[in-house]
Amino acid sequence: SINAEYGVVLPKLSCQLLPRRYFSIMSTPSPYSAVYVTVPNEELREKIAQALLESKLAACVNMTPCTSMYTWKDKMEKDKELLLMIKTKTTLVPELTELVKKTHTYEVPEVISIPLSELGNPAYLNWIGSVTK
């Protein structure tokens, strides 16, 4: 059911009603994104992170080791990689992607952008906007 203040009933949430503002926030494009990039080594990790920060395409780059399993050229692969989680403005994602593609050693580098919900910490989201171009 629908009324003026609440959205639709969601059966997987035990029929809990969510405020209509939740749906309006989620249906509009977010001004901020998290971009995920994997790299094979620390040298490339530093090179990409530094280039993104110096060019003001990123506010922050988190770096963590990971193990990736994937199919490449019909063969299953498993590699130790480093994952970059890059916080930026959504409008900068295309330029950020081009910088990564130009700098990266992979034939097809991973660049995945996920919008950040405006329900997060407003001060942090504003900081992303203030330190990027």
Query raised in the report: Other than Val39, which residues form its hydrophobic cluster under the rule that side-chain heavy atoms must be closer than 4.5 Å?
Result: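 Val35, Val37, Leu44, Ile48, Leu52, Leu53, Leu57, Val61, Met63, Leu82, Leu84, Ile86, Leu92, Val93, Leu96, Leu99, Val100, Val111, listed by chain and number.
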
Any idea which heavy atoms bring [X] and [Y] closest together, and the distance?
X: Trp72; Y: Val108; result: CH2-CG2, 3.7 Å
X: Ile128; Y: Tyr32; result: CG2-CD2, 3.6 Å
X: Glu118; Y: Pro29; result: OE2-O, 4.2 Å
X: Gly129; Y: Lys89; result: O-CE, 3.3 Å

Query raised in the report: Atom OG1 of Thr105 and atom CD of Glu43: how far apart are they, to the nearest 0.5 Å?
Result: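 The OG1 atom of Thr105 sits 9.5 Å away from the CD atom of Glu43.
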
Query - Straight-line distance of Ile114 CD1 to Leu116 CG, nearest 0.5 Å - result: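 Answer rounded to 0.5 Å: 8.5 Å.
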
**Report entry** Between Ser33 and Thr90, a side-chain donor and acceptor under 3.5 Å
**Finding:**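 Side-chain D/A pair, Ser33 to Thr90: present.
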
Report task. Using distance alone, with no hydrogens and no angle criterion, decide if Gln50 and Glu46 have a side-chain donor and acceptor under 3.5 Å apart. Result -> no

Requested in this report: Sort out for me which residue in Glu77, Glu81, Lys80 forms a side chain to side chain donor-acceptor pair (under 3.5 Å) with Ser68.
Outcome: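 For Ser68, the side chain to side chain donor-acceptor pair (under 3.5 Å) check succeeds only for Glu81.
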
Measuring only between side-chain heavy atoms, which start at C-beta, is [X] closer than 4.5 Å to [Y]?
X: Pro40; Y: Asp79; answer: no
X: Asn121; Y: Trp127; answer: no
X: Val131; Y: Lys56; answer: no

Query - Partners meeting side chain to side chain donor-acceptor pair (under 3.5 Å) with Lys47 (sequence neighbours left out) - result: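 With sequence neighbours excluded, Lys47 shows a side chain to side chain donor-acceptor pair (under 3.5 Å) to no residue whatsoever.
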
**Report entry** Residue pairs, two or more places apart or on separate chains, that pass salt bridge (charged side-chain N to carboxylate O under 4.0 Å, His left out) and touch residues 93-111
**Finding:** Lys73-Glu107, Glu95-Lys133, Glu98-Lys101

